[in-house]
Amino acid sequence: MKNLTTIFLFFFISNAAFSSNQLDSLLIKLEDNMKRRTIYDAAKEVRIDNLKKLLDEQNATLENKYFILSKIISEYEKYSFDSALLYIEKSIDIAKKLNDDSLEKESKLKLSKLLVTSGRYKEAIDVLNEIKRSQLPEDLINLYYYNFKEGYSGLNFYSTVKKNKEDYSKLYLVYQDSLMQRLSPSSDESLALIEKRFRDERNIEEALKINSKRLSEVEQATPEYSQITFERALLYELDNNIREQKKYLTLSAISDIQASVKDNASLTELAMTFFKEGDIERAHNYIDFSVEDAEFYNSRLRFVNISNKLSVISKAFEERNLEQKGELKKMLIFISVLVIFLLVTIFYIYKQVKKLSYARKGL
């Protein structure tokens, strides 16, 4: 029995040490990637510029231009709100020139998705209300329901009026049910909804199983990987497993940087976990990086989420700096006193040596 206990303790300590080393390695990788952000962004800009050159070719038909615009919008979707909006509006204009109602509705659904993911929920709902469900092609209905679901979810979360929250919650559930009935049970969209339901029910074990399946089907350094690892971090947070929460927030943040995802949340949450642990320096560096991304993307939602956290972390950072300056001032005073004492001592010894020298000469 004693041997079993010893083995168990050894295994537990070894596992904890391994997890700690793994997290440290991931944090080093994250901070290295933070320094390389401009390299990843430059590669994305090259891809976008190449697409724009195709768009400007004289022999490009309107159909080709619409297809190229779709590619450009996809590149800008999580990179720059203003640019994504500009090119969606261009795609709507081309759809009108083609007199293609299906393409026009598709572009408007892209517009509503962009608005809802950037926190402009009311504007997104207004765009969706212009579209008649009965006139939508079959392949666009899922996106239509998804955008309504996300729009009413956001309105419910941020509304302060009880009656409005109740109404938005009901509409959210209606569109979620409508979407679930249409999705393939094995699709990521369906699995994400099931995982969220388990998460809301605090059934962490089942939610993690679903998340693991989703994670196994996506590549790293993609927006999808960033999202799924972020959602996994949420599960570990609910389970009070801070080490695993930080691990998956770090993985998500690395993926965001490598994929040039500016509309992100992982690094902000990671900053808060380190702030709570007292690592103010790291928290301050991470939140500053997040603010730069939010400003670049022009995300209203991210600014709302970051603003309060930024003020708290910045205040603590300034207080710590003032405290360090105070400690440094005290240390300098102490060293100055020590130097003066040392000089007085040297002078005293010098005088004594001199007296001793005179005495020897007298003898």
Side-chain angles (χ1 to χ4, degrees), residues 18-53 71-84 87 117-118 215-234 236 243-275 277 279-299 301-303 305-307 309-310 313-314 317:
F18 173 77
S19 298
S20 180
N21 290 336
Q22 187 183 36
L23 179 59
D24 289 341
S25 298
L26 284 173
L27 290 171
I28 291 169
K29 185 178 179 181
L30 169 61
E31 286 161 18
D32 179 58
N33 275 273
M34 287 168 69
K35 295 172 187 173
R36 295 165 58 85
R37 172 172 57 179
T38 54
I39 298 172
Y40 297 118
D41 292 353
K44 189 172 191 70
E45 292 287 354
V46 168
R47 291 197 301 273
I48 294 171
D49 287 342
N50 289 337
L51 288 168
K52 288 178 180 178
K53 287 174 185 175
K71 295 287 186 183
I72 294 172
I73 292 162
S74 179
E75 289 286 350
Y76 273 132
E77 189 177 13
K78 291 184 177 294
Y79 183 64
S80 170
F81 172 84
D82 294 329
S83 298
Y87 283 92
T117 54
S118 62
L215 202 54
S216 68
E217 295 173 357
V218 294
E219 294 181 3
Q220 294 184 18
T222 61
E224 293 75 23
Y225 182 88
S226 301
Q227 181 66 30
I228 296 169
T229 46
F230 177 75
E231 289 169 1
R232 192 173 186 86
L234 292 179
Y236 283 120
R243 183 183 296 151
E244 288 299 298
Q245 179 197 359
K246 288 196 291 186
K247 173 185 171 181
Y248 283 97
L249 284 175
T250 305
L251 285 168
S252 180
I254 291 169
S255 179
D256 280 332
I257 295 167
Q258 293 177 343
S260 292
V261 175
K262 303 296 182 184
D263 184 26
N264 56 62
S266 301
L267 201 58
T268 303
E269 294 305 313
L270 192 59
M272 285 306 296
T273 61
F274 281 112
F275 172 73
E277 291 176 354
D279 192 341
I280 308 299
E281 182 80 28
R282 184 168 262 157
H284 187 260
N285 290 339
Y286 290 179
I287 202 74
D288 274 358
F289 192 95
S290 299
V291 168
E292 289 172 9
D293 273 356
E295 286 176 344
F296 186 94
Y297 181 78
N298 187 20
S299 172
L301 180 60
R302 296 293 167 235
F303 277 125
N305 290 338
I306 290 173
S307 57
K309 295 169 184 176
L310 174 64
I313 291 174
S314 295
F317 184 74

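For residues 248-260, there are no salt bridge (charged side-chain N to carboxylate O under 4.0 Å, His left out) pairs, not counting sequence neighbours.
Between Asp263 and Glu77 the shortest side-chain heavy-atom distance does not fall below 4.5 Å. For the pair Leu30/Phe289, no side-chain contact is recorded, criterion being any heavy-atom separation below 4.5 Å from C-beta on. Looking at Ile287 and Phe275, their side chains never come closer than 4.5 Å, going by heavy atoms from C-beta outward. Contact annotation: the side chain of Leu251 approaches that of Tyr225 to within less than 4.5 Å [non-hydrogen atoms, C-beta and beyond]. Using a 4.5 Å cut-off on side-chain heavy atoms (C-beta onward), Asp293 and Arg37 make contact. Tyr236 places a side-chain heavy atom less than 4.5 Å from the side chain of Arg232. Side-chain contact between Tyr40 and Lys44 is absent, with no heavy atoms from C-beta onward closer than 4.5 Å.
With Tyr286 as the fixed residue, the side-chain contact (heavy atoms from CB on, under 4.5 Å) test singles out one of Glu269, Glu31, Glu281: Glu31. A side-chain contact (heavy atoms from CB on, under 4.5 Å) with Thr250 holds for exactly one of Leu23, Thr273, Leu267; it is Leu23.
The existence of a salt bridge linking Glu277 and Arg282 is excluded, since no basic side-chain nitrogen approaches an acidic carboxylate oxygen closer than 4.0 Å.
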Worksheet item: Can you list the steps and then say if Lys262 with Asn298 is a side-chain contact (heavy atoms from CB on, under 4.5 Å)?
Response: CA-CA 9 Å; Lys262 303 296 182 184; Asn298 187 20; over 6 Å; no

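When all heavy atoms are compared, the tightest approach of Lys246 to Leu270 is O-CD1, 3.8 Å. Smallest separation of non-hydrogen atoms from Ala221 and Ala259: O-CB, 3.4 Å. When all heavy atoms of Ile254 and Leu26 are compared, the pair lying nearest together is CD1-O, 3.7 Å. Taking all atoms of both residues into account, the shortest heavy-atom contact from Ser226 to Ser252 is O-OG, 2.7 Å. Across Tyr79 and Ser260, no two heavy atoms sit closer than the pair CD1-O, 3.3 Å.
Tyr87 meets the ring pair (Phe, Tyr, Trp, His ring centres under 6.0 Å) test with Tyr76; sequence neighbours excluded.
A donor-acceptor contact closer than 3.5 angstrom is absent between the side chains of Asn264 and Tyr297.
From Leu51, atom CG reaches atom CD1 of Ile72 across 5.0 Å, with rounding to the nearest 0.5 Å. The line from CD of Glu231 to OG of Ser266 is 10.0 Å long, rounded to the nearest 0.5 Å. In this structure, NZ on Lys247 lies 12.5 Å from CG on Leu249, to the nearest 0.5 angstrom.
Within the 3.5 Å criterion, the main-chain N or O of Val46 finds a donor-acceptor partner in the side chain of Asn50.
Surrounding NZ of Lys71 are at most 12 heavy atoms belonging to other residues, nucleotides or ligands under 6.0 Å away.
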